[in-house]
Amino acid sequence: MSVVSMVSAKAKNVGDMLVSMPDSLLPYAATEQLVDLVNMKRIDPATPASLQSVFKTDIVLETLSDDMLKLQMSNVCYEIGRLPMENDSVFCVLRTIPTPEQETNVIYVNKEWEKIGEQTFGDINLVSKPDTMDSKEYDRLLSLVEYPIIEAHFYKSPSEIMIKQHVQMLDKADKEKFLPLLMQRKLKWDGESYK
């Protein structure tokens with residue numbers, strides 16, 4: 001019996017993680033509200049669960065399973081995914097905010113919400129030169145981007161993540177020229193990071 005209780009105490013799903021999420025990561029949402037959202041979503045999985053925060057902003061739990069959830073609060077999107085590790089689970093938290101383009105911050109936490117790592121995607125190429133574009137024009141457009149803005153979301157399960165790049169601070173004409181260069185990439189969890 002003690003072995004069973006030790007295993008159940010160890011296992012934590014993403015709904016449990018949401019309820020215990022620190023205020024520093026999810027401000028303006030009371031623990032009781034998060035409990036209500038999780039319970040509403042479990043009762044009716046097909047319908048988004050929705051409440052209002054104390055500041056009258058909508059909190060919407062769009063997706064919930066044991067391994068993955070998606071929560072929208074005002075204009076910020078939170079996704080939590082449970083990833084397998086050798087000894088225990090690690091949780092990946094995606095926080096996407098408009099800057100004004102969508103930009104995602106990716107951190108890894110343990111079940112006590114202690115940060116154990118983070119991931120950036122700056123070393124991954126997310127642009128490609130179209131055959132119809134002149135090399136000089138391609139190089140000119142690339143030189144206009146000082147800081148690539150990366151958006152990331154889970155793809156079907158937390159073991160895969162879809163990323164894409166946005167560009168900002170470009171005039172309308174250059175931004176339209178840059179759009180055909182942008183591509184999406186799907187990365188897989190390898191036990192340590194997404195690659």
Side-chain angles (χ1 to χ4, degrees), residues 1-85 87-119 149-164 166 186-187 189 193-194:
M1 187 71 163
S2 62
V3 172
V4 172
S5 55
M6 279 173 54
V7 169
S8 60
K10 216 179 199 187
K12 198 169 186 180
N13 64 41
V14 293
D16 298 332
M17 287 295 288
L18 177 63
V19 169
S20 64
M21 197 170 187
D23 294 342
S24 59
L25 289 175
L26 187 64
Y28 318 125
T31 301
E32 298 79 20
Q33 289 179 308
L34 298 176
V35 170
D36 289 345
L37 278 174
V38 169
N39 289 337
M40 286 190 298
K41 190 65 177 166
R42 285 184 176 148
I43 290 168
D44 185 3
T47 307
S50 179
L51 291 172
Q52 281 200 331
S53 74
V54 291
F55 293 104
K56 305 296 184 204
T57 57
D58 290 331
I59 309 171
V60 182
L61 184 55
E62 297 177 4
T63 307
L64 177 65
S65 68
D66 281 348
D67 294 326
M68 185 170 70
L69 69 76
K70 183 176 182 181
L71 179 87
Q72 192 76 34
M73 184 171 179
S74 187
N75 59 353
V76 180
C77 176
Y78 296 89
E79 294 173 70
I80 303 173
R82 182 172 61 185
L83 298 165
M85 290 290 281
N87 298 324
D88 201 356
S89 294
V90 65
F91 294 87
C92 179
V93 181
L94 310 178
R95 182 174 174 259
T96 304
I97 58 172
T99 60
E101 303 289 350
Q102 300 292 318
E103 183 172 23
T104 305
N105 172 262
V106 182
I107 63 167
Y108 300 107
V109 297
N110 62 20
K111 61 188 177 192
E112 283 81 33
W113 280 102
E114 295 166 336
K115 183 177 172 182
I116 55 176
E118 60 184 10
Q119 179 150 0
I149 296 169
I150 308 297
E151 179 181 359
H153 297 284
F154 293 130
Y155 181 78
K156 295 185 180 177
S157 79
S159 63
E160 294 181 319
I161 199 168
M162 186 69 76
I163 64 170
K164 63 181 177 180
H166 295 286
K186 185 168 60 173
L187 307 177
W189 175 250
S193 65
Y194 289 102

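Index from 1, following the sequence.
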Task: Donor-acceptor contact below 3.5 Å, side chain Glu101 vs main chain Ile149 - done: no
- [ ] Test side chain to side chain contact (heavy atoms under 4.5 Å, CB included) on Leu61 and Met40 and set out the steps.
- [x] CA-CA 9 Å; Leu61 184 55; Met40 286 190 298; over 6 Å; no
[X]: which residues meet the side-chain contact (heavy atoms from CB on, under 4.5 Å) condition with it, sequence neighbours left out?
| X | value |
| --- | --- |
| Met73 | Leu26, Tyr28, Ala29, Ser53, Thr57, Ile59, Tyr78 |
| Pro22 | Ser24, Leu25, Trp113 |
| Thr31 | Val19, Val35 |
| Ser89 | Arg82, Phe91 |

Can you measure from [atom1] ([X]) to [atom2] ([Y]) and round to the nearest 0.5 angstrom?
| X | Y | atom1 | atom2 | result |
| --- | --- | --- | --- | --- |
| Gln119 | Ile107 | CD | CD1 | 12.5 Å |
| His166 | Glu103 | NE2 | CD | 9.5 Å |
| Trp189 | Cys92 | CH2 | SG | 7.0 Å |
| Met162 | Glu151 | CE | CD | 11.5 Å |
| Asn110 | Lys12 | CG | NZ | 8.5 Å |
| Leu64 | Ile80 | CG | CD1 | 10.0 Å |

Can you name the residues that form a side chain to side chain donor-acceptor pair (under 3.5 Å) with [X], not counting sequence neighbours?
| X | value |
| --- | --- |
| Thr63 | none |
| Thr47 | Asp44 |
| Lys186 | none |
| Gln102 | none |

Task: salt bridge (charged side-chain N to carboxylate O under 4.0 Å, His left out) pairs, two or more places apart, involving residues 29-38 - done: none
Without placing hydrogens or testing angles, list every side-chain donor-acceptor pair under 3.5 Å for residues 154-161, not counting sequence neighbours.
unit_1, atom_1, unit_2, atom_2, d
Ser157, OG, Ser159, N, 3.3
Ser157, OG, Ser159, OG, 2.8

TODO: Go through the steps for Lys41 and Val38 under the test side chain to side chain contact (heavy atoms under 4.5 Å, CB included), then give the verdict.
DONE: CA-CA 5 Å; Lys41 190 65 177 166; Val38 169; 5.9 Å; no
